[in-house]
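Here, residue 1 is the first one in the sequence, and each next residue gets the next number.
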Amino acid sequence: MSADATRLPAARREAARSVRATAVRDRTGRLLRLFLPLGLYLLFTLVPFYWMLLFALRPAGSTSLLPWPVTFEHFDTVWNGMGFRTYFTNSVLIAALTLVSVTFFALMGGYALARFAFRGRRAFMLALLCTQFVPGAMMLIPLFNVFQLLHLIDTRWSLVVAETVFQLPLAMILMSGFVKNVPVELEESAMVDGCGRLRAFLAVVLPLLRPGIVAVGSFAFIGSWNNFLFALMFLNDPELQTVPVGLQTTIGENTVDFGALAAGGVVAAVPVVLVFAFVQKYLVQGMSAGAVKG
């Protein structure tokens with residue numbers, strides 16, 4: 001056997017090893033470029049949550065970087081001593097009513113914007129979009145005067161109405177995009193079979209809008225749950241206050257109870273985390289569907 005024949009397999013093996021090494025380096029580089037920024041972002045995001053849990057679970061006066069020994073005295077203080085049980089109940093009730101109200105009116109308005117061609121439709125949608133540029137603080141005095149005339153000050157309905165008014169424009173725009181993604185032929189087929197428009201909407205369109213309904217409802221719930229300004233201005237009765245305003249009670253004039261504040265923050269964050277955990281799949285589907293057409 002000639003020397004060239006013996007060197008040929010060795011050269012092939014060397015070339016194969018070089019190709020594999022290059023592929024490993026490229027794969028490692030891609031993973032580093034992908035996961036290193038994600039890891040840094042995750043660290044930046046989770047450190048505040050860990051810090052909040054640390055203050056909530058470790059004893060008062062402790063400087064340990066680990067929550068050990070674990071104590072729940074701060075949760076007992078905010079839940080039973082500071083009235084967070086009442087604040088939590090009020091927030092859940094107001095957020096749930098806002099969710100139902102925003103979703104119902106967004107369904108009607110979004111369907112009308114998507115299915116009916118009327119004069120001024122584009123201008124109306126532009127006006128809805130422009131309302132998102134108006135901060136809520138600018139509307140406090142007009143809303144307060146209106147609610148005072150309607151005797152809604154110091155009632156939960158003032159927050160429900162205010163939150164619905166401010167969240168409804170964007171919800172209608174999103175819902176119109178969701179409705180446009182439902183083929184109109186399905187609705188027309190149901191109407192040909194004898195269904196009226198309302199029955200066709202309920203039987204054909206509404207089931208297909210489930211991801212969009214979950215997306216809009218989730219944003220309505222979270223927006224109402226986190227709102228601080230309206231609750232502070234429209235509710236004076238401590239028995240009607242919500243969790244964001246209740247967190248302010250942990251901050252004294254000269255001192256701050258960091259343990260109670262952290263425990264209250266955990267209580268306030270739990271419903272938001274649970275909502276996103278249960279509706280994450282529908283939320284992603286809904287937002288991707290609503291972003292296709294506007």
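- Here the CE-CG distance, from M175 to L170, works out to 11.0 Å after rounding to the nearest 0.5 Å.
- The hydrophobic clustering, which links ILVMFWY residues whose side-chain heavy atoms are closer than 4.5 Å, places M233 and V134 together.
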Apply side chain to side chain contact (heavy atoms under 4.5 Å, CB included) to the pair F166 and T131, showing each step before the final yes or no.
-> CA-CA 8 Å; F166 273 88; T131 59; over 6 Å; no

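- Heavy atoms from other residues, nucleotides or ligands lying under 6.0 Å from CG of L46 number more than 12.
- Annotation: F49, atom CZ; neighbour count of heavy atoms from other residues, nucleotides and ligands within 6.0 Å does not exceed 12.
- Expressed to the nearest 0.5 Å, how far OG1 of T242 lies from CG of L93 amounts to 11.5 Å.
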Could you check F147 against T155 for side chain to side chain contact (heavy atoms under 4.5 Å, CB included), going step by step and ending with a plain yes or no?
-> CA-CA 10 Å; F147 291 154; T155 66; over 6 Å; no

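- When all heavy atoms are compared, the tightest approach of M125 to S176 is CE-OG, 3.8 Å.
- In this structure, V245 and Q241 approach most closely via the heavy-atom pair CG1-OE1, 3.4 Å.
- Minimum interatomic distance between A262 and A56 (heavy atoms only, all atoms of both residues): CB-N, 3.7 Å.
- Counting non-hydrogen atoms of neighbouring residues, nucleotides and ligands closer than 6.0 angstrom, the CZ atom of F116 exceeds 12 such neighbours.
- Criterion: ILVMFWY side-chain heavy atoms under 4.5 Å apart, direct or through other members. Under it, L209 and V184 are not part of a common hydrophobic cluster.
- At least one donor-acceptor pair closer than 3.5 Å links the side chain of T98 to the backbone N or O of I94.
- Inter-residue side-chain proximity for V179 and L113 is flagged as unmet; no heavy-atom pair is nearer than 4.5 Å.
- For R115, the salt bridge (Lys or Arg N to Asp or Glu O under 4.0 Å) criterion is met by E187, not counting sequence neighbours.
- Cluster annotation: F230 is not connected to F228 through the hydrophobic network of ILVMFWY side chains, with a link wherever side-chain heavy atoms come within less than 4.5 Å.
- Rounding to the nearest 0.5 Å gives a distance of 12.0 Å between CZ of R58 and CD of E73.
- For the pair F201/L107, a side-chain contact is recorded, criterion being any heavy-atom separation below 4.5 Å from C-beta on.
- Distance check, rounded to the nearest 0.5 Å: CG of L235 to CG of L232 gives 9.0 Å.
- Of all heavy-atom pairs between L159 and A231, the closest is CD2-N, 3.4 Å.
- Listed for the N90 side chain is a donor-acceptor partner under 3.5 Å among the backbone atoms of T86.
- At distances below 3.5 Å, not a single donor-acceptor pair connects side-chain atoms of S101 with backbone N or O atoms of T164.
- Note: the hydrophobic cluster containing M52 also contains F75 (ILVMFWY, side chain heavy atoms under 4.5 Å, direct or indirect links).
- By the 6.0 Å contact criterion, CZ on F118 is enclosed, its count of non-hydrogen atoms from other residues, nucleotides or ligands being greater than 12.
- Side-chain atoms of W225 and V92, non-hydrogen and from C-beta on, do get closer than 4.5 Å to each other.
- A salt bridge (Lys or Arg N to Asp or Glu O under 4.0 Å) check over residues 145-173, counting only residues at least two apart or in different chains, returns nothing.
- Minimum heavy-atom separation, P69 to P59: O-CD, 3.3 Å.
- With rounding to the nearest 0.5 Å, the separation of CG in L128 from CG in L168 is 8.0 Å.
- Side-chain contact between C130 and P169 is absent, with no heavy-atom pair separated by less than 4.5 Å.
- Residues L143 and F234 form a side-chain contact, since some pair of their non-hydrogen atoms from C-beta on lies under 4.5 Å apart.
- Of the possible polar contacts, none joining the H74 side chain to the F258 backbone as a donor-acceptor pair under 3.5 Å is found.
- By the rule that hydrophobic residues join a cluster once side-chain heavy atoms approach within less than 4.5 Å of another member, L206 and L208 end up as members of one cluster.
- For the pair Y111 and R197, the tightest heavy-atom approach, listed with the atom from each and the gap, is OH-NH1, 2.9 Å.
- Here the side chains of F124 and M172 are in contact, with some heavy-atom distance below 4.5 Å.
- Taking CG from L149 and CZ from F144, the interatomic distance works out to 10.5 Å, rounded to the nearest 0.5 Å.
- In the displayed structure, F104 atom CZ is contacted under 6.0 Å by at most 12 heavy atoms of other residues, nucleotides or ligands.
- At least one side-chain heavy atom of L97 sits under 4.5 Å from a side-chain heavy atom of W157.
- Using modelled atom types, one side-chain atom of T249 and one backbone atom of G246 make a donor-acceptor pair closer than 3.5 Å.
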Side chain to side chain contact (heavy atoms under 4.5 Å, CB included) between V205 and L186, worked out = CA-CA 8 Å; V205 180; L186 297 177; over 6 Å; no

Determine, stepwise, if the pair V270 / F88 fulfils side chain to side chain contact (heavy atoms under 4.5 Å, CB included).
-> CA-CA 11 Å; V270 166; F88 190 88; 5.9 Å; no

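- The aromatic ring centroids of F84 and Y87 lie less than 6.0 Å from each other.
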